[in-house]
Amino acid sequence: MANTRPKADVVIVGLGWAGSVMAEELTRAGLNVLAIERGAWRDTSTDFPPAVDPDELRWHTRRKLLQPMSVETTTFRNRSGQTAAPVRNWSAYQFGWNVGGAGTHWAGMSWRFTPWDFEVASQTADRYGASRLAGLRDDGLLLQDWGVTYQEMEADYDRFERIAGTSGKAGYLNGEKVPGGNVFEGMRKREYPTPPLKDTHWMSIYRETTQSMGYNPFTIPAGNISQAYVNPLGVTMGPCTYCGFCDFHGCGNFSKSSPQACVLPALMRRPNFTVLTETEVLHAVKHEDGKTVTGVNCVTRDGETFFQPADIVCITAYQMDNVRLMLLSQIGEQYDPATMRGTIGRNYNYQTCASVSGFFSGAKMNPFIGGGALGVQIDDFNGDNFDHSDLDFIGGAGIMGYSTNGRPIQNMNGLRPGHKRWGSDWKQAYARDYQEAANIFVQGTSMPTRGAYLSLDPNYKDRHGQPLLSLTFDWNENDRKMAAWTTQKATQTMQEAGGEAISSDNQAAESWNPYKQHSSHTIAGLEMGADPTTSALNPYLQSWDCHNVFSVGASAFPNNGGYNPTLTVGALAIRAARAIHQTYVNNPGPLVEA
Amino acid sequence: MNRREALFSLGAMVASTGVAASAKEMKGYPTHTALSADHLPKPRMGGALRVFTDETDRKTLHAVIDRLIPADAYGPSASEAGCLEFIDDQLAGDYGAGTALYLQKPLHPENEEAIMGAPQFLSTPRERYDSGLKALEAYAQATWGGAFHALSPDQIDEILTGLEAGTIDLGAGVNGQAFFELMLQNTREGYLADPIYGGNRDMAGWKMIGFPGARYDYRPYVERRGEALNLSPVSLIPND
């Protein structure tokens, strides 16, 4: 390409959580790093201070911080044989569209996955027998380990929590179970950087109820931090004000963990870091040797194209775009569900969710007192924390009483069943139920199957004429059974709490489509693993096919835990960056022999 | 301070004068710390309607939204709360033009509806209001022999109920059920969004449910248990 920029040591494609955390590690190690971000520069004081942030219509309803479908969307079908249709309107997806990526508008739920989540295949065989695992695989589940264990991830989780200032209380600290924390979590080497957030009225009811039922409630780990904190990069954060305008919004208080609040103030001051904004990477360019890439082809907002050479390319866009960029760059082989050959697009899974609503006559829940990650949870029925010997599924769900927001448009259908959504009936019901409603969220594991995958769409293209990414997915039987079982547990909890007019919405009870979901957590397609025939990336997030390409995102999860993905994305970013600057740059080549 | 001055104060037009030659003189808000131009609020500035310029369309929508949200003991009607102006302003901007939507062909309506579980559109919200309101008027004329806006409240409720249930066919090109959902969504948005956008006049929608609006700090209240806090709502625009 005639238009070529100076070569960088490392190009970062997409400057969200993964990209900024990798850039921080790599620039600190002395590498010359160039990030390329499709969205614009956004910062706290210039783009979402308190003067504009508490605006539901703009940020939540119209989603002005999110990537519009006109920029790029995806197509979807439930199964092969159907013609996939484009996602034309806002849906469950929440792709980032700015420097900071989805890390700017996320809710802040800051979970570590459990040890089981990383080793679903081997731990299922160990606990329930090899024949149980074989049976699940015969049913079509693509169960496989991640090639990295929780214990190996612990230091990376710890580093990310330190950068993010995560609030919480340890439940399993250096071999000791700690009451009040999550006693089911993987073992931690030290306490959270900041203490847990306070309980709202509903959280206190939920905590007392679950405690009385014999469960182990704890305050969920939050990226809406509870007190002032200075992170290891020297960046100061302020305390969360429980403002209730968190997910889908920026944070005007410097209290939501985000690249803006935690990383960019340090990163942007480093002379060996540059970011190109409002510039889109079209694809990576493969070297003639077929084993590396030479850089990336890009297009600016004004339509100017150029080539950016680099020694190392890190693809750290949103999960969907990571997969799409690998396919557009022809790195690796497209997964084919008929032959099971190929790894790119394989293992797709989602987040199996349900919600349970109840109403408390005469209560004043004051739901406007909220935070994106404000909740009390029980993990007694998450992952493999309970015995599945006599159950016909694996996996489970976190069951959370939450106080994320009281945004009036979002909650306008949160009425006792039987009311109309308009007329005086709606007004009377909403005037009462706004204060009396309470909700439990059931956030479950999700297992990949043979027939669920990502590929390039044959019909629909983006604004640059490149094919859209296409998803073929529906819930599998294992996850449907898990969701039904855990939803029942949540319903019992709501009954025990005294909720009336209880209703539940188990999303796995009917076919998946992107407009129906409570969760935005779209997972896999570039799964990491120890076996190059069943994974796109090795355990250091390095492409098996082009050794100078690394990719980090929820695209790398072979299966989903019953948790939000961000903390694991951040920990994987640190893991990949450390592998690059500690090992790869000294001896470029595969870090693991195929 | 009026609405326009209040908004400019966020990042544009504050002047000062310098005296000493060595003094650092500033005019205008420093661009490096001003709000990004595209993140400044975009309020409805008042004035005439820009989209609903056709009198019949306007009267039809007025009649619809005041049955969706009628005046009663819980608060004013949708039109009294400014929802007509709100919808007009939304449709005059990016939302109405569908700038965020993926509108590329091909559209196979039956396939897309089956896969997505709801009808999909290549038309923008503004175009859908135009065709939908005209179809409602035609339906009223054909079925009741009169203008839609002249129908009785019960007659309008009957039509809205039929649209919601999908039992009324508004004719080729207009999906009545989807158009009902669009009007219901936008009307209630207008009733519940910040008054900066022209609706929710006097914060009537927020007072109806007890939402305190654009407050930004509930730390003093988080541990108060089940109390009516009686916080008067706050909007992004001045009260006077």
Side-chain angles (χ1 to χ4, degrees), chain A residues 42 45-57 61-63 68-70 73 76-78 82-90 198-201 204 239 241-244 252-253 363-364 366 368-369 406 408-409 412 421-424 427-428 430-431 434-435 459-461 513 515-516, chain B residues 10 33-36 38-41 67-70 72 74-75 94-95 99-104 106 108 111-112 115-118 120-122 157 160 184 187-189 192-194 196-197 205-206 208-219 221-229 236:
Chain A
R42 299 291 178 203
S45 60
T46 50
D47 293 281
F48 31 83
V52 295
D53 189 52
D55 181 347
E56 179 188 18
L57 183 79
T61 314
R62 301 279 182 259
R63 307 194 167 195
M69 293 65 62
S70 53
T73 188
F76 160 72
R77 60 183 179 178
N78 281 123
Q82 294 177 317
T83 301
V87 182
R88 297 186 179 278
N89 212 326
W90 297 115
K198 292 172 177 170
D199 281 4
T200 62
H201 185 44
S204 70
T241 62
Y242 305 85
C243 80
N253 291 325
K364 297 289 180 195
N366 296 323
F368 42 84
I369 303 174
I409 300 170
M412 66 191 177
R421 297 174 300 150
W422 53 282
S424 284
K427 294 177 75 176
Q428 178 263 329
Y430 196 26
Y434 178 76
Q435 278 287 12
N459 299 315
Y460 293 94
K461 296 185 166 33
N513 94 41
Y515 292 107
K516 289 181 185 168
Chain B
L10 292 174
T33 52
L35 267 172
S36 300
D38 61 350
H39 271 215
L40 279 166
R67 293 312 301 157
L68 294 177
I69 305 179
D72 57 22
Y74 297 95
D94 284 351
Y95 172 74
T99 54
L101 306 177
Y102 182 78
L103 298 176
Q104 290 189 30
H108 305 293
N111 181 58
E112 290 204 18
I115 285 190
M116 296 300 180
Q120 306 296 303
F121 299 96
L122 291 182
D157 284 358
L160 294 176
L184 178 63
T187 304
R188 295 192 297 171
E189 285 171 0
L192 297 166
D194 194 284
I196 199 170
Y197 299 110
W206 291 351
M208 177 178 90
I209 58 173
F211 177 64
R215 288 171 180 267
Y216 214 57
D217 189 353
Y218 293 113
R219 282 173 293 179
Y221 308 103
V222 62
E223 292 190 295
R224 287 165 67 170
R225 297 280 168 256
E227 281 179 56
L229 298 174
L236 291 171

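In what follows, every chain begins at residue 1, and chains take the letters A, B, ... in the order their sequences are listed. Given the structure is predicted, the values throughout are model-derived calculations rather than measurements.
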Point to revise | Greatest number of heavy atom pairs closer than 4.5 Å to chain A - which of Asp94(B), Leu229(B), Leu192(B) | key: Leu192(B)
Review point. Of the backbone (N, CA, C, O) and the side chain (C-beta and beyond), which part of Gln428(A) lies under 4.5 Å from a heavy atom of chain B, both, or neither?
Key: both
Check your understanding: Is it the backbone or the side chain of Leu103(B) that comes under 4.5 Å from a heavy atom of chain A, or both, or neither?
Key -> backbone
Check your understanding: Between Lys427(A) and Gly75(B), is there a donor-acceptor pair closer than 3.5 Å when you use the side chain of the first and the backbone of the second?
Key -> yes
Point to revise | N/O donor-acceptor pair under 3.5 Å between Thr241(A) side chain and Tyr216(B) backbone | key: yes
Review point. At a heavy-atom separation under 4.5 Å, does Tyr95(B) approach chain A through its side chain, its backbone, both, or neither?
Key: side chain
Check your understanding: What part of Leu184(B) gets closer than 4.5 Å to chain A, counting heavy atoms only: side chain, backbone, both or neither?
Key -> side chain
Study note, to complete from the structure: Whatever's closer than 4.5 Å to a heavy atom in chain A on Arg225(B) counts as both
Practice item. Could you tell me which portion of Thr33(B) (side chain, backbone, both or neither) has an atom closer than 4.5 angstrom to a non-hydrogen atom of chain A? Key: backbone
Review point. Parallel, tilted or perpendicular for Tyr218(B) and Phe368(A), by the 30°/60° rule?
Key: tilted
**Study point:** Contact origin within Ala363(A) toward chain B - heavy atom pairs under 4.5 Å
**Key:** neither
Check your understanding: Under a 4.5 Å heavy-atom cut-off, does chain A meet the side chain of Thr187(B), its backbone, both or neither?
Key -> neither
Review point. Is chain B contacted by the side chain of Arg42(A), its backbone, both, or neither, given a heavy-atom distance below 4.5 Å?
Key: side chain
Revision key, fill the gap. When rounded to the nearest 0.5 Å, the distance separating CD of Gln120(B) from CZ of Arg88(A) is 7.0 Å
Review point. Relative to chain B, which of Val87(A), Thr46(A), Asp199(A) shows the most heavy atom pairs under 4.5 Å?
Key: Thr46(A)
Study note, to complete from the structure: Looking only at Pro86(A), Ala84(A), Pro239(A), Ser45(A), the option with the highest number of non-hydrogen pairs under 4.5 Å against chain B is Pro86(A)
Practice item. Check each atom of Thr61(A) against the heavy atoms of chain B and say whether the ones under 4.5 Å are side chain, backbone, both or neither. Key: side chain
Exercise for review: Taking atom types as modelled, find out whether Asp72(B) and Ser424(A) have a side-chain donor-acceptor pair closer than 3.5 angstrom.
Suggested key: yes
Check your understanding: Donor-acceptor pair, Asn111(B) side chain versus Thr83(A) backbone, under 3.5 Å?
Key -> yes
Point to revise | Heavy-atom contact with chain B under 4.5 Å, split by part of Tyr434(A) | key: side chain
Review point. Is chain A contacted by the side chain of Asp38(B), its backbone, both, or neither, given a heavy-atom distance below 4.5 Å?
Key: both
Review point. Side chain, backbone, both or neither: which part of Arg62(A) has a heavy atom under 4.5 Å from chain B?
Key: side chain
Revision key, fill the gap. Applying a strict 4.5 Å limit to non-hydrogen atoms, the region of Phe76(A) in contact with chain B is both
